[in-house]
Protein chains: 2
Amino acid sequence: MFAEYAIISVMKEKTIKTLADIAKMANVSQSTVSRALRNNPLVSQKTRDFVQQLAQEHNFSVNATASKLRTQKTHTIAVIVMFDQNTEQSISDPFLMKLLGTIADELTKFGYDMLLTTTKTATGDWNNYYFESRRADGLIIVGQGEHDPRIEALASNNVPFVVWGTEFANKNYTTIGSDNRKGGYLAVKHLIDKGCKNIAFMGDIEHNELEQRWLGYQDACAEAGLELEPTLRLKTDLTSNDGYLQIKNYLEGKHPKIDGIFAVSDTIALGVMKYLHEQKVAIPEEIAIIGFDDIAMSAFSSPSLTTVRQNTTTAGELLVSKVLKKIENKPIESKLLEVELIVRQSSEQT
Amino acid sequence: MFAEYAIISVMKEKTIKTLADIAKMANVSQSTVSRALRNNPLVSQKTRDFVQQLAQEHNFSVNATASKLRTQKTHTIAVIVMFDQNTEQSISDPFLMKLLGTIADELTKFGYDMLLTTTKTATGDWNNYYFESRRADGLIIVGQGEHDPRIEALASNNVPFVVWGTEFANKNYTTIGSDNRKGGYLAVKHLIDKGCKNIAFMGDIEHNELEQRWLGYQDACAEAGLELEPTLRLKTDLTSNDGYLQIKNYLEGKHPKIDGIFAVSDTIALGVMKYLHEQKVAIPEEIAIIGFDDIAMSAFSSPSLTTVRQNTTTAGELLVSKVLKKIENKPIESKLLEVELIVRQSSEQT
DNA sequence: GGCACCTTTGCAAACGATTGCAATATTTTT
DNA sequence: AAAAATATTGCAATCGTTTGCAAAGGTGCC
């Protein structure tokens with residue numbers, strides 16, 4: 001008997017699920033409830049308080065789906081994380097994750113939800129899946145990627161979106177990204193200042209951002225009057241593992257001597273250091289090394305890793321604020337973010 | 001003139017946005033279009049093909065919001081990542097990120113979208129925000145957390161959800177988690193086997209999962225007849241930074257000597273190793289060290305880090321499959337996952 | 001040809017909120 | 001005290017799908 005009562009009471013509670021239910025209880029119209037819950041000044045303070053309290057008591061939440069349908073706004077941003085299909089670089093790439101975290105925080109700050117997808121699994125047609133189908137009001141695309149036709153498709157479909165990456169000459173969309181060329185320049189100039197003469201570049205210049213860092217490398221070399229030695233560029237995926245392998249291959253083979261390494265990411269650099277350790281190569285005395293990103297780990301390696309810091313906080317803030325502006329149809333511009341050289345032990349003898 | 005035509009044509013294209021539009025073009029009813037696009041066998045193959053092609057040509061996607069409203073299913077799972085408010089442990093915690101990646105992949109495999117939130121910014125009322133308001137069909141909660149009242153609230157509200165973490169005695173919800181106690185046991189037993197007699201435990205046993213690892217520590221000690229020395233437990237946050245600081249404090253102060261360290265996470269362990277390096281303490285000769293998680297970096301530290309691997313892949317798969325089952329109202333059970341000892345240099349003299 | 005029986009299609013009612021406009025209550029002004 | 005102005009409320013249409021049910025179109029059988 002008691003059990004039955006309990007069930008009935010639960011069921012009753014479960015039926016209170018729509019504005020209309022609350023309206024009936026409050027003896028006002030549905031519209032009034034709707035307005036009251038949104039704090040619309042059209043309804044008197046008294047009714048507002050009353051309705052809000054009633055809703056709270058009954059644990060009522062407005063159905064977001066219905067609201068979205070009616071208002072034609074989802075208050076959701078789809079964040080697409082692109083990864084290279086071939087490498088093992090996974091969603092755990094520390095730099096991207098940090099960025100993702102900032103974006104998440106920033107979006108919630110503006111009352112937006114975040115729909116997350118990784119490219120590996122995403123459908124090919126972002127425009128249709130996310131925008132046309134009204135799953136999201138806008139898109140943020142991150143990931144150190146190569147030129148992706150899907151992005152072009154978005155641009156031509158008039159979807160509000162911003163990209164984390166490099167600015168292109170003939171871009172027709174908005175890009176937020178670090179000043180990679182300057183970063184590369186700073187890194188290599190630093191090594192040169194420390195006396196390095198033969199500096200390896202480790203990274204894959206097929207990626208647009210990394211190509212910029214390569215250009216920065218060249219800038220610094222040119223400035224110092226160092227000649228460009230093509231064999232010093234080692235194509236390397238963005239993983240510690242590949243960093244380890246590539247430097248191993250290089251040093252084991254018959255190649256020009258090197259006294260410095262610019263790795264395009266800290267993860268690569270840490271892999272490289274692993275190998276150098278194994279081979280008892282002194283860092284930085286024999287080979288100095290510098291990374292890129294300033295991931296959390298870099299301060300805790302031994303020796304700690306000199307690197308070029310990307311400003312993830314500003315990055316996240318800008319990505320979000322720009323895409324929201326774009327949604328409001330305001331004009332937005334691409335932006336290059338400053339980078340900062342962080343000198344640690346891997347390039348500086350103590 | 002030409003420009004005007006162009007604009008008009010664009011506008012025209014933009015008006016094709018609903019089933020009704022397609023229906024008109026195809027000269028069939030809305031219902032037929034709806035069925036055709038979902039490949040419903042009720043409509044003839046011919047019409048299906050025709051309508052589908054028409055839709056594709058016009059770049060039409062069904063409005064997901066309307067569909068959700070009508071079907072009362074969102075095909076979305078909210079993933080809530082909890083972080084300790086006090087520590088700096090951020091969304092970039094490598095282990096959680098790895099887990100998140102698996103969850104993301106797994107969800108898309110089942111055609112579900114993933115709504116991501118971090119606790120720091122999330123509203124307090126998960127039930128209302130995500131479930132009652134129909135933003136998601138179910139929830140997955142991850143994060144090495146302390147006992148959280150919000151989880152209890154979910155359970156009593158009959159929301160479909162699963163938690164990554166520890167199973168409790170009086171749990172009334174489903175939990176997927178590693179066998180932390182066994183992991184702790186394996187770790188410490190390993191150190192003991194290697195000859196360690198005074199093993200520090202670094203972690204915060206306020207966290208349920210970590211408490212289990214602490215119990216495992218005790219199991220191993222008891223088995224080996226080692227007496228439990230309370231001062232050997234160093235309360236440490238899940239960051240490299242705190243690992244560094246805590247071991248520094250300990251070793252600088254007047255404390256019992258130690259010859260082994262069990263850190264509850266690899267990030268802590270890496271911070272610890274940093275300090276030991278600085279102090280020229282030989283690893284593992286003077287102090288052996290073992291971590292937990294097996295994050296990517298652990299294989300690339302010097303020395304490489306012995307650790308207890310958590311199976312993120314299975315974890316992600318289970319979390320997803322269980323929550324989906326729960327949504328279908330099928331009964332689900334908690335599950336403890338096997339862990340694996342990964343022996344590397346930090347505990348094994350070469 | 002008439003009848004029963006499948007296939008295919010279309011009608012129209014939901015799903016649950018929001019909102020322009022009209023209607024009613026309340027206050028202010030004269 | 002009536003008129004005008006303002007503050008509150010409610011009506012009803014709408015957002016774009018999905019789906020039970022009824023209707024129409026086809027086929028085969030006697």
Side-chain angles (χ1 to χ4, degrees), chain A residues 14-52 54-55 58-76 128-137, chain B residues 14-52 54-55 58-76 128-137:
Chain A
K14 280 285 159 208
T15 20
I16 299 172
K17 283 289 157 283
T18 82
L19 279 186
D21 298 326
I22 300 285
K24 212 167 293 166
M25 300 181 57
N27 235 315
V28 294
S29 76
Q30 217 181 107
S31 3
T32 299
V33 175
S34 174
R35 292 187 179 112
L37 291 179
R38 314 206 147 282
N39 249 311
N40 186 325
L42 264 189
V43 352
S44 72
Q45 190 66 52
K46 215 179 69 188
T47 344
R48 251 187 284 170
D49 292 345
F50 177 60
V51 170
Q52 285 176 11
L54 205 62
H58 289 81
N59 229 307
F60 170 80
S61 286
V62 161
N63 182 315
T65 305
S67 173
K68 286 175 185 176
L69 176 58
R70 175 61 229 243
T71 62
Q72 302 285 64
K73 290 226 135 270
T74 64
H75 276 265
T76 300
N128 272 304
Y129 190 77
Y130 292 107
F131 190 66
E132 294 299 330
S133 74
R134 307 283 137 178
R135 263 168 250 264
D137 296 335
Chain B
K14 280 284 159 211
T15 20
I16 299 172
K17 284 289 157 282
T18 82
L19 280 187
D21 297 327
I22 300 285
K24 213 165 293 166
M25 299 180 58
N27 235 315
V28 294
S29 75
Q30 217 181 107
S31 2
T32 300
V33 175
S34 174
R35 292 187 179 112
L37 291 180
R38 312 208 149 284
N39 249 311
N40 186 324
L42 264 188
V43 352
S44 71
Q45 190 65 53
K46 216 179 69 188
T47 341
R48 252 186 281 170
D49 291 345
F50 177 60
V51 170
Q52 285 176 11
L54 205 61
H58 289 82
N59 229 308
F60 171 80
S61 286
V62 161
N63 182 316
T65 306
S67 174
K68 286 175 185 178
L69 176 58
R70 175 60 227 243
T71 62
Q72 303 284 63
K73 291 226 135 268
T74 65
H75 276 265
T76 300
N128 273 305
Y129 191 77
Y130 292 106
F131 191 66
E132 294 299 329
S133 75
R134 306 283 139 178
R135 263 170 251 265
D137 296 335

### Query
In terms of side-chain heavy atoms of Val28(B), which of dG10(C), dG10(D), dG16(D) is nearest?
dG10(C)
### Query
Got Ser67(B) and His75(B) here, is their nearest side-chain heavy-atom distance under 4.5 Å?
no
### Task
To the nearest Å, give me how far apart CG (Asn63(B)) and P (dT14(D)) are.
17 Å
### Task
Kindly point out which of dT19(C), dT9(D), dT17(D) is positioned nearest to the side chain of Thr32(A)?
dT9(D)
### Task
Give the nucleotide from the list dT17(D), dG16(C), dT9(D) with an atom nearest to the side chain of Leu42(A).
dT9(D)
### Summary
In whole angstroms, the gap separating C1' of dT9(D) from CZ of Arg38(A) amounts to 18 Å
### Message
With a 4.0 Å cutoff (strictly under), does any side-chain N or O of Gln72(A) reach OP1 or OP2 of dG16(D)?
### Response
yes
### Query
Hey, is the side chain of Thr18(B) poking within less than 4.0 Å of OP1 or OP2 on dG16(D), counting only N and O atoms?
no
### Task
Could you check how far CD of Gln45(B) sits from C1' of dT7(C), rounded to whole Å?
14 Å
## Note on the structure
When Gln30(B) and Arg48(A) are each assigned the nearest nucleotide of DNA chain D, the 5'-most assignment goes to Arg48(A)
### Query
Is any side-chain N or O of Arg134(B) closer than 4.0 Å to OP1 or OP2 of dG16(C)?
no
### Query
Pick the nucleotide of DNA chain C nearest each of Thr71(A) and Ser44(B); which residue has the one closer to the 5' end?
Ser44(B)
### Query
What is the distance, rounded to the nearest whole Å, between atom CZ of Phe50(A) and atom P of dT8(D)?
17 Å
### Query
Given atom CZ of Arg70(A) and atom P of dA12(D), what is their separation to the nearest angstrom?
16 Å
### Task
May I have the distance from Leu69(A) (atom CG) to dA14(C) (atom C1'), rounded to whole angstrom?
13 Å
### Query
Is there a side-chain contact between Asn39(B) and Gln52(B), using heavy atoms and a 4.5 Å cut-off?
yes
### Query
Just by distance, do the side chain of Asp49(B) and the backbone of Lys46(B) share a donor-acceptor pair under 3.5 Å?
no
### Message
Measuring to OP1 and OP2 of dT18(C), would you say a side-chain N or O of Ser67(A) lies under 4.0 angstrom away?
### Response
yes
### Task
Kindly give the heavy-atom pair with the smallest separation between Leu42(A) and Arg35(A), and that separation in Å.
CD1-NE, 3.9 Å
### Query
Looking at dG20(D), does its base get a donor-acceptor pair with the side chain of Arg35(B) below 3.5 Å?
yes
### Query
Can you check whether Thr65(B) has a side-chain N or O nearer than 4.0 Å to OP1 or OP2 of dC15(D)?
no
### Message
Counting only heavy atoms from other residues, nucleotides and ligands, does the tally under 6.0 Å from NZ of Lys73(A) exceed 12?
### Response
yes
### Query
Closest to the Ser34(B) side chain: dT19(D), dG10(C), dA17(C)?
dT19(D)
### Query
Are Arg134(A) and Phe131(A) in a cation-pi contact, defined as NZ or CZ under 6.0 Å from the six-membered ring centre and within 45° of the axis?
yes
#### Entry: Distance, rounded to the nearest Å, where Lys46(B) contributes NZ and dT9(C) contributes C1'
13 Å
#### Entry: Integer-rounded Å distance: dT7(C) C1' and Asn40(B) CG
12 Å
### Query
Does Ser31(A) make a side-chain N or O approach to OP1 or OP2 of dT19(C) shorter than 4.0 Å?
no
